[in-house]
Asks: 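Shown below is the structure under consideration.
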2 protein chains.
Amino acid sequence: MSIPPSESLTESMPEQDRLVTLSNGTENSFAVNAKQEQILQGAMRVFLQGGYAGTSMDRVAAAAGVSKQTIYSHFQDKEGLFVALIERVTIRKFLIEFGPEPLQGEPAILLPKLAEVFFAKMSDQEYISLLRVIIAESGRFPELAQLYVRAVIQRGRGILGSYFASRPELNISDPEATAHIFFGSLVSFILSQEVLHGKHTTPIEKERLITSLVNLILEPRAASR
Amino acid sequence: MSIPPSESLTESMPEQDRLVTLSNGTENSFAVNAKQEQILQGAMRVFLQGGYAGTSMDRVAAAAGVSKQTIYSHFQDKEGLFVALIERVTIRKFLIEFGPEPLQGEPAILLPKLAEVFFAKMSDQEYISLLRVIIAESGRFPELAQLYVRAVIQRGRGILGSYFASRPELNISDPEATAHIFFGSLVSFILSQEVLHGKHTTPIEKERLITSLVNLILEPRAASR
DNA sequence: GTCTATAATTAGATAGAC
DNA sequence: GTCTATCTAATTATAGAC
């Protein structure tokens, strides 16, 4: 009646693992049991697809394969569920994005590789949808937007900025600003090509962007002289 | 009973002026009469604020100061109104953005100025909201996203790319890709600082970005040597 | 054309059985 | 804790008076 059997799959995960301070202090936003996991899985599909206002709790329930009341017994309301979901997805995504170890290696090797890895991570549909939703709801949920800025943008910029600073031969006067240019060019590429469907009308090879970008930072004139 | 007096303000504008092929072939998306103008003004405030699904027709009617039925007599449905509105705002914004004349002048003068002008245009709240909404609804309304890509992104990239190509002393092997880097860095700055509210947690001076960006394109090593 | 009033449907959230 | 059934409010869209 109380404890259902066979939940070893999620039970093996320790409950308290958070690395970032989240909004709802009372409840853990990460998966706690199988039912919450199931709800969040369903919620992810529909919320990333339809956004906050465009998704009904009925659809969430259907996608998760549970009743609405079950959702409301695990999350306070629609807003609480949405916030918990986006926090989770954002943090999950970027615990993997960059490891804790700083970047190292020859710039001519590292920078193109970094760009390729970045594109690889950002090119899957789930991540594109996440980006779209975070921007879409940044008016209604500014805290989620700021979480993304801190956990992802600021983090990436800091790591690459430190790398630039550790390479005096690159002669970069403002490493942080240059890191912004690097990632900003990549993000805006994803934005115009994938999020805004520009690749269907104006496809551009990502290699062209990477080559030009790396050339600018390394040896802007070496290519043609 | 039929023709209300004193509409000279909007009447002075010719009805057929479209420069881009729009989705609804039957009806002109630009302002046709005072009532449509009034509806679109109200719709702009609430749709840019709440997005498509997050805005009710009641709120549009209230914001425009008309009844719902009046809206439905001018636009087919909520979707038609939204599409007409976003098409209009997008095109209006960027008939002014770049003039038809190509860029010219010394790169060291032109590029910083171009960046400053770009920031000035993009920094007002209305434009930030437009950007947010277009990205937000790019899943539901891919045609609107593609209109934005063509009318704005592709256009800007082409103009700056042509300028780069006309300046062989810059030694730019891929002008188009470099133009993407230029505007992409600026857009992603607006995105992280304004749209995602990053300026409240990680403010960065836009002058730092402009300086680094221009330095990269012009004389990457000149600053410190 | 424009408004008020109203249909028909769907939304978020809860009650009560098990 | 979970489900079915239900309540109330809000939503899109339309009918009918003027």
Side-chain angles (χ1 to χ4, degrees), chain A residues 1-7 9-11 15 24 26-28 31-43 46-47 49-86 137 140-141, chain B residues 1-7 10-11 15 24 26-28 31-43 46-47 49-85 137 140-141:
Chain A
M1 186 191 185
S2 54
I3 303 174
S6 73
E7 293 192 5
L9 199 146
T10 54
E11 215 69 347
E15 293 197 1
N24 58 340
T26 60
E27 205 169 347
N28 194 332
V32 167
N33 58 47
K35 226 30 173 202
Q36 281 198 22
E37 181 65 33
Q38 185 181 344
I39 293 171
L40 287 168
Q41 290 279 342
V46 290
F47 271 127
Q49 184 72 223
Y52 179 75
T55 300
S56 71
M57 293 297 268
D58 279 290
R59 292 181 69 88
V60 175
V66 300
S67 74
K68 261 196 297 186
Q69 186 57 278
T70 301
I71 299 178
Y72 280 101
S73 76
H74 284 277
F75 301 92
Q76 197 177 32
D77 53 12
K78 185 184 179 182
E79 201 168 307
L81 171 62
F82 182 74
V83 170
L85 171 71
I86 300 299
E137 309 301 340
R140 199 190 303 255
F141 299 97
Chain B
M1 187 191 182
S2 54
I3 303 174
S6 73
E7 292 190 8
T10 54
E11 214 69 346
E15 293 196 2
N24 59 341
T26 60
E27 206 167 346
N28 195 335
V32 168
N33 59 47
K35 220 50 172 187
Q36 280 199 22
E37 181 66 33
Q38 184 181 345
I39 293 170
L40 288 168
Q41 290 279 341
V46 289
F47 271 127
Q49 184 71 225
Y52 179 76
T55 299
S56 70
M57 292 297 267
D58 279 292
R59 293 181 67 89
V60 175
V66 300
S67 75
K68 263 195 296 186
Q69 187 56 283
T70 300
I71 299 178
Y72 280 101
S73 77
H74 283 277
F75 300 91
Q76 197 175 36
D77 53 13
K78 185 183 179 182
E79 201 169 306
L81 172 61
F82 182 74
V83 170
L85 171 71
E137 308 302 341
R140 200 191 301 257
F141 299 98

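Letters go in sequence order (proteins before strands), and every chain restarts at 1. Computed from a predicted structure; not experimentally measured.
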Asks: Does anything in residues 65-84 of chain A form a salt bridge (charged side-chain N to carboxylate O under 4.0 Å, His left out)? List the pairs, not counting sequence neighbours.
Replies: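 Those involving residues 65-84 of chain A are A:Asp58-A:Lys68.
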Asks: Can you name the closest pair of heavy atoms from B:Phe75 and B:Gly80 and give their distance?
Replies: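 Nearest pair, atom of B:Phe75 first, then B:Gly80: CD2-O, 4.5 Å.
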Asks: B:Glu137 and B:Tyr52: which non-hydrogen atoms are nearest, and at how many Å?
Replies: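 So the two residues come closest at OE2-N, 3.0 Å.
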Asks: Closer than 4.0 Å, any side-chain N/O of B:Thr70 to the OP1 or OP2 of C:dC3?
Replies: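 So the side chain of B:Thr70 is within the cut-off, an N or O lying under 4.0 Å from OP1 or OP2 of C:dC3.
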Asks: Whole angstroms only, please: what is the OH-P distance between B:Tyr72 and C:dA5?
Replies: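 Answer to the nearest Å: 19 Å.
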Asks: I need the minimum non-hydrogen distance between B:Ala63 and B:Gly42, along with the two atoms involved.
Replies: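 Closest approach of B:Ala63 to B:Gly42, heavy atoms only: CB-O, 3.7 Å.
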Asks: Please tabulate the protein-to-nucleotide N/O contacts below 3.5 Å involving nucleotides 15-18 of chain C, giving atom names and distances.
Replies:
{"unit_1": "C:dA15", "atom_1": "N7", "unit_2": "A:Gln69", "atom_2": "NE2", "d": "3.3"}
{"unit_1": "C:dA15", "atom_1": "N6", "unit_2": "A:Gln69", "atom_2": "NE2", "d": "3.0"}

Asks: In whole angstroms, how far is the C1' atom of C:dA11 from the CD atom of A:Glu79?
Replies: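 Interatomic distance, CD of A:Glu79 to C1' of C:dA11: 15 Å.
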Asks: I'd like to check the side-chain hydrogen bond (donor to acceptor under 3.5 Å, both in side chains) partners of B:Thr70; sequence neighbours left out, ordered by chain and number.
Replies: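 Listed in chain order: B:Ser67.
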Asks: Tell me the interatomic distance from B:Asn33, atom CG, to C:dG1, atom C1', rounded to whole angstroms.
Replies: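 Atom CG in B:Asn33 sits about 10 Å away from atom C1' in C:dG1.
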Asks: Going from CG on B:Leu40 to CZ on B:Phe47, what distance comes out if it is rounded to the nearest 0.5 angstrom?
Replies: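 Reported to 0.5 Å precision, the distance equals 10.0 Å.
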Asks: From CD1 of A:Ile71 over to P of D:dT4, roughly how many Å is that when rounded to an integer?
Replies: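 The distance from CD1 of A:Ile71 to P of D:dT4 comes to 13 Å, rounded to the nearest Å.
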Asks: Starting at atom CD of B:Gln38, determine the distance to atom P of C:dG1, rounded to an integer number of angstrom.
Replies: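 It is 14 Å, rounded to the nearest whole Å.
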Asks: Counting neighbours of CD on B:Gln49 that are heavy atoms of other residues, nucleotides or ligands and sit closer than 6.0 Å, is the number greater than 12?
Replies: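 Counting other residues, nucleotides and ligands, CD of B:Gln49 stays at 12 neighbours or fewer.
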Asks: Just wondering, more than 12 heavy atoms not from A:Arg140 lying within 6.0 Å of its CZ?
Replies: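 Yes, the 6.0 Å shell around CZ holds more than 12 heavy atoms from other groups.
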Asks: Using whole Å, what does the distance between atom P of nucleotide C:dG12 and atom NZ of A:Lys68 come to?
Replies: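 Between P of C:dG12 and NZ of A:Lys68: 7 Å.
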Asks: Side chain of A:His74 only, please: which of C:dT2, D:dT2, C:dA13 is the nearest?
Replies: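 In terms of side-chain proximity for A:His74, the closest of C:dT2, D:dT2, C:dA13 is D:dT2.
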Asks: Atom CD of A:Gln36 and atom C1' of D:dG1: how far apart are they, to the nearest Å?
Replies: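 The answer, rounded to whole Å, is 12 Å.
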Asks: Rounding to an integer number of Å, can you tell me how far A:Lys78 NZ sits from D:dA10 C1'?
Replies: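 So the NZ-C1' distance, A:Lys78 to D:dA10, works out to 12 Å.
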Asks: Output the residues of residues 51-59 of chain A in contact with DNA chain D, where contact means a heavy atom of the residue under 4.0 Å from an atom of the strand; sort by number or write none.
Replies: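 Per residue number, the list is empty: none.
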Asks: How long is the span from the CZ atom in A:Phe141 to the CD1 atom in A:Ile86, to the nearest 0.5 Å?
Replies: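 Between atom CZ of A:Phe141 and atom CD1 of A:Ile86 there are 9.0 Å.
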Asks: Roughly what angle, to 10°, lies between the helix axis at the start of the helix from C:dG1-D:dC18 to C:dC18-D:dG1 and the one at its end, five pairs per end?
Replies: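 Inter-axis angle at the termini of the helix from C:dG1-D:dC18 to C:dC18-D:dG1: 10°.
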Asks: Measuring only between side-chain heavy atoms, which start at C-beta, is A:Thr55 closer than 4.5 Å to A:Phe82?
Replies: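 They are not in contact (no side-chain heavy atoms under 4.5 Å apart), so the answer is no.
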Asks: Quick one: list whatever passes side-chain hydrogen bond (donor to acceptor under 3.5 Å, both in side chains) with A:Gln41, sequence neighbours left out.
Replies: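 Result, side-chain hydrogen bond (donor to acceptor under 3.5 Å, both in side chains) vs A:Gln41: A:Glu37.
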